Amino acid sequence: QQPVQSPQAVILREGEDAVINCSSSKALYSVHWYRQKHGEAPVFLMILLKGGEQKGHEKISASFNEKKQQSSLYLTASQLSYSGTYFCGTEWGSQGNLIFGKGTKLSVKP
Amino acid sequence: DGGITQSPKYLFRKEGQNVTLSCEQNLNHDAMYWYRQDPGQGLRLIYYSQIVNDFQKGDIAEGYSVSREKKESFPLTVTSAQKNPTAFYLCATRRALMTVGDGYTFGSGTRLTVV
């Protein structure tokens with residue numbers, strides 16, 4: 001039950017905002033967000049636990065709606081360094097491993 | 001500085017060969033994972049381990065094998081039974097299998113190509 005990410009790709013100008021969504025068909029225990037630059041390893045951004053909390057990392061924040069089984073990643077005032085592919089990873093319970101979405105490719109242009 | 005070392009960075013395999021990808025960590029993390037990444041597919045779980053001498057199959061374990069003889073090491077063998085092994089392989093660790101609030105730390109990956 002791979003989570004579904006949308007959109008698949010987005011192109012922004014520097015300073016613009018973007019939202020990336022991650023939806024699951026199963027009740028979620030937690031949602032992770034990672035960013036991967038081309039040819040590199042994914043880097044952990046943040047984790048959201050069930051309870052609807054919102055977290056932030058610089059100008060990147062995320063929310064988790066447990067009832068809707070979805071999470072959203074918010075990128076505000078985007079910078080060139082935000083370019084990359086963003087993955088959500090979902091955790092359902094005690095299995096202890098993540099199932100990742102297919103990713104959203106974000107390109108920020110000058 | 002703690003981290004994960006994957007080697008080699010690039011690996012070429014002939015048809016019918018078994019090859020082993022190395023993953024070593026000095027983070028003192030209990031849980032270790034192997035993921036495979038194909039273009040447009042995201043990361044798919046091959047195997048994971050939460051303790052020495054114990055490991056579980058992930059979603060795409062067929063054609064792969066692992067061992068966990070030491071806490072620091074979790075090598076992945078791609079056997080000749082894996083029909084389409086060309087991919088980017090990522091090793092990851094986590095402090096423990098069920099750690100509230102912790103994310104994964106990934107190695108830099110091994111790119112395997114069948115020639």
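Remember, predicted model here, so these are calculated numbers, not experimental data. Letters go in sequence order (proteins before strands), and every chain restarts at 1.
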- Message: Test side chain to side chain contact (heavy atoms under 4.5 Å, CB included) on L43(B) and L98(A); report intermediate values, then the result.
- Response: CA-CA 9 Å; L43(B) 289 78; L98(A) 295 180; over 6 Å; no
- Message: Would you compute the distance between atom CD of Q56(B) and atom CG of N97(A) and round it to the nearest 0.5 angstrom?
- Response: 9.0 Å
- Query: At their closest point, which heavy atom of A41(A) faces which heavy atom of S108(B), and how far apart are they?
  - Reply: CB-CA, 4.1 Å
- Message: Hydrophobic clusters here meaning ILVMFWY residues chained together by side-chain heavy-atom distances under 4.5 Å, can you tell me if V52(B) and F74(B) are in one?
- Response: no
- Message: Suppose we call two aromatic rings close when their centres sit under 6.0 Å apart. Are F106(B) and F44(A) close by that rule?
- Response: no
- Query: After noting the C-alpha distance and the side-chain angles of R111(B) and E40(A), does the key distance pass the salt bridge (Lys or Arg N to Asp or Glu O under 4.0 Å) rule?
  - Reply: CA-CA 11 Å; R111(B) 193 166 296 278; E40(A) 298 180 6; over 6 Å; no
- Is there a side-chain contact between Q37(B) and F87(A), using heavy atoms and a 4.5 Å cut-off? yes
- If you tally heavy-atom pairs under 4.5 Å between each of Q8(A), Q5(A), H32(A) and chain B, the highest tally belongs to H32(A)
- Message: Other residues, nucleotides and ligands only: do more than 12 of their heavy atoms fall within 6.0 Å of NZ on K68(A)?
- Response: no
- Within a reach of under 6.0 Å around CD1 of I51(B), are more than 12 heavy atoms found that belong to other residues, nucleotides or ligands? no
- Task: Tell me whether Y64(B) is reachable from F88(B) by hopping between hydrophobic residues (I, L, V, M, F, W, Y) whose side-chain heavy atoms are closer than 4.5 Å.
- Result: no
- Task: Assess whether atom CD of E62(B) is packed by more than 12 heavy atoms of other residues, nucleotides or ligands within 6.0 Å.
- Result: no
- same_hphob_cluster(I4(B), V43(A)) at 4.5 Å side-chain heavy-atom cutoff: no
- Item | Positions in residues 10-19 of chain A that reach chain B, provided some heavy atom is under 4.5 Å away | none
- Query: Quick one: are L90(B) and Q36(A) in side-chain contact, heavy atoms under 4.5 Å?
  - Reply: yes
- Item | Verify same cluster id: F100(A), Y47(B) (apolar side-chain graph, 4.5 Å) | no
- Message: Surrounding NZ of K37(A) (heavy atoms of other residues, nucleotides or ligands, distance under 6.0 Å), is the total greater than 12?
- Response: yes
- Item | Flag, side chain of Y34(A) to backbone of Y104(B), donor-acceptor distance under 3.5 Å | yes
- Task: Determine, using the 4.5 Å side-chain heavy-atom cutoff (strictly less than), whether L45(B) and L112(B) are members of one ILVMFWY cluster.
- Result: no
- Relative to chain B, which segment of Q2(A) carries a heavy atom at a distance below 4.5 Å: side chain, backbone, both, or neither? side chain
